[in-house]
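Presented below is the structure to which this report refers.
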2 protein chains.
Amino acid sequence: MNIQQLRIMRETVRQDFNLTDASTALHTSQSGASKHIRDLEGELGVDLFERKGKRLLGLTGEGRMLISLIERIVLDVENLKRSAMQLTHEEEGQLSIATTHTQARYALPPVVSQFKAAFPKVHLELHQCGPEEIVSLLKAGKVDIGVATEGLANETRNFACFRFYEWHHSVIVPEGHPLADGQPLTLERIAEFPLITYHKGFTGRSRLNQVFEDAGITPDFVLTALDADVIKTYVELNLGVGLIASMAYHEARDRGLVLLPAAHLFPKNTSYIALRRGYFLRSYIYKFLNICREDLTEQTIRGLMSREDA
Amino acid sequence: MNIQQLRIMRETVRQDFNLTDASTALHTSQSGASKHIRDLEGELGVDLFERKGKRLLGLTGEGRMLISLIERIVLDVENLKRSAMQLTHEEEGQLSIATTHTQARYALPPVVSQFKAAFPKVHLELHQCGPEEIVSLLKAGKVDIGVATEGLANETRNFACFRFYEWHHSVIVPEGHPLADGQPLTLERIAEFPLITYHKGFTGRSRLNQVFEDAGITPDFVLTALDADVIKTYVELNLGVGLIASMAYHEARDRGLVLLPAAHLFPKNTSYIALRRGYFLRSYIYKFLNICREDLTEQTIRGLMSREDA
DNA sequence: AAAGCTTACGAGAGCCGTAACCATA
DNA sequence: TATGGTTACGGCTCTCGTAAGCTTT
């Protein structure tokens, strides 16, 4: 038995039992992969794959029993290499973060600049995309960290999720707008106007819908966007009333617009930081989390990683 | 990197950093082992061993960080092989049990005969020895199961310990002995006679001492033995009063001797079954535990193995 | 036909063990 | 001097990739 055999075994499962894809993914020949699998089956004395003629269709019952151990071994071997790398190049490396516009623009800048000061040699990569893509990038191991409000918290089997910060939606209107008359804000008054807010699945949008539905109100969302900057642009054009995350409003920068707090109308939202479970973490990743939330140290993170939520 | 390198690494640590011993333990050449270690260090880019000239003295700090991962990988690889073996030869194999005389003679016989009926092809090996040796045999992996009253329960880091059954000490005397006069048994009355019981460290002996000490009584242990059969022999010779585990008394077999219950004088004892943590368990091992305690199924055992006590 | 797995085979890398060498107690 | 680790080296196995063959869709 050798590690390559296990790697090929794992990759073949991941590539939906397509040996050709598996071998290209591992930069090796397909014939070699074929032989490796047969050798492994021979040594273990067990058929791992269900075959129809020459095609691989899936795992046998025995294969399913053994694959989890194999996965763990391969993962551990990778982690061993990473750990060793980490020990020699403590300060160098890459940190890839997948995140939404909202986080990248309003929540992460102070974190990133502090992090860059602490680890100048680490190459930072911000991957801006939607919540589903964050999840798949994380799962595929293409990024180290995911940051978003949506989509992460219900993936605690694969990810360890840490609370980042909490925030509320606010209403944003042009100066002199009827809603800015000082009278208390209600859902009914807001819904009298055309609304502009985030796309479905972005930045707490699901909760907004829920609130209106619970109140029996059907608002008119005339325009939805991926980010608050676009929303603000159309609010300035007087196309409607904006509903944005309050940290997206900047008094000096957003002259001509007025922010009306709406914490009493909409429930609070929580943004999460997610890491894959089971993978080795470079020391600077711990540092990054530590900057995000001071109470997260390497020790506490390690502890929370192995359990459920945080 | 390959598995042999990791195996050699692990074995070298286990053999107290003696490469020669490590390589003989793995049935390979010492020169090869030397090379493997240097290759591994080269590939990982880290010195794993502290050296003084050419001697290996211990692990470096980096080595200490990595050794636990290496241990786990090697263990998983072994478990993978065992699991596969298990899947093909479900019913065959060996089951080694280390246990004391008391368990082997009085508690295990019904379990063993039931087990043999269920798995006739499994070769059973009973290793009779003292509690400390049970612990070391288990640790070394020379036996699969340890059964004893003493020594196991405070090793929960290395072993998963399951309660087997509970029992009490009893007093045993020849027929017509003054203690068998029907009057209630007290510590004071017992201590008037010379006592015969188990060696230190065997079958609840420590608790006996504690009870007398707490009562401010200094009994006269004239003779100690490893097992109840020896004790009974000397009680028959009227050399003293016996203190034995009550399950060691058999009315028909032990004619001429009288058992006086002493559950009110001595605290209850618990016998434990111990398994090593982290190792793959053949299906018949689950069956063995299941016979010992009906509520232990493969599922419950798996669950309890990963946690602390049971 | 096209996609996909297996078999055959030759080149080359890597592993192993013997033996000689070197360093430490 | 004995124990223990390293270096050198030849044999040999094992791995890898190309190419051809065979099966299934």
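Computed over heavy atoms, backbone and side chain alike; hydrogens, waters and symmetry mates excluded. Chain naming here is simple, since letters A, B, ... match the order of the sequence lines and numbering starts at 1 in each.
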Considering only NZ, NE, NH1 and NH2 on the basic side and carboxylate oxygens on the acidic side, decide whether A/K139 and A/E133 come within less than 4.0 Å. no
Let me know the distance between CD1 of B/I3 and C1' of D/dC14, rounded to the nearest Å. 14 Å
With a 4.5 Å heavy-atom cut-off, do A/Q30 and A/T20 have their side chains touching? yes
Could I get a table of every N or O pair under 3.5 Å where one atom is in the protein and the other is in nucleotides 23-25 of chain D?
residue: D/dT24; atom: O2; partner: A/R55; partner atom: NH2; Å: 3.1

Between the side-chain atoms of A/S34 and the base atoms of C/dT7, is any donor-acceptor pair under 3.5 Å? no
Mind checking A/F49 for me? I need base, sugar-phosphate or nothing, with any heavy atom below 4.0 Å counting as a touch. nothing
So, does A/E92 use its side chain to make a donor-acceptor pair with the main chain of A/H89 at under 3.5 Å? no
For a quick test of reading the model: is some side-chain N or O of B/S29 closer than 4.0 Å to OP1 or OP2 of C/dT18? no
Hey, is the side chain of B/N2 poking within less than 4.0 Å of OP1 or OP2 on C/dC15, counting only N and O atoms? yes
Between C/dG14 atom P and B/M1 atom CE, what is the distance in whole Å? 14 Å
State, without any angle test, whether B/T102 and B/T203 hold a side-chain donor-acceptor pair at a distance under 3.5 Å. yes
Both conditions, 6.0 Å and 45 degrees, for the charged tip of A/R276 above the ring of A/Y279: are they met here? yes
Give A/Q30 one of three labels, base, sugar-phosphate or nothing, depending on what nucleic acid heavy atoms sit under 4.0 Å from its own. base
From the candidates C/dC15, D/dG5, C/dG4, the one with an atom nearest any side-chain atom of B/Q5 is C/dC15
Please answer whether the main-chain N or O of A/Y198 pairs with a side-chain N or O of A/T224 as donor and acceptor at a distance below 3.5 Å. no
Expressed in angstrom and rounded to an integer, what is the separation of A/L19 atom CG from D/dC16 atom P? 14 Å
Are B/R51 and C/dA23 close enough that a side-chain N or O sits under 4.0 Å from OP1 or OP2? no
Roughly, in whole Å, what's the span from CD1 in A/I37 to C1' in D/dT15? 15 Å
Out of C/dC16, C/dC5, D/dG5, which nucleotide sits closest to the side chain of B/L56? D/dG5
Please work out if A/S31 contacts a base, only the sugar-phosphate, or nothing of the nucleic acid, heavy-atom cut-off 4.0 Å. base
OP1 or OP2 of D/dG17 sitting under 4.0 Å from any side-chain N/O of A/T28? yes
B/E11 atom CD is separated from D/dG5 atom C1', nearest whole Å, by 17 Å
B/L95 and side-chain contact (heavy atoms from CB on, under 4.5 Å): which partner among B/L126, B/V112, B/L124? B/L124
B/H36 vs C/dG14: side-chain N/O to OP1/OP2 distance below 4.0 Å: no
Distance, rounded to the nearest Å, where A/K35 contributes NZ and D/dT13 contributes C1': 11 Å
How many Å lie between CD1 on B/I8 and C1' on D/dG5, as a whole number? 14 Å
Counting N and O atoms only, with roles assigned by atom type, does the side chain of A/K116 sit under 3.5 Å from a partner on the main chain of A/V122, one being a donor and the other an acceptor? yes
Separation of B/R7 atom CZ from C/dC15 atom P, in whole Å? 12 Å
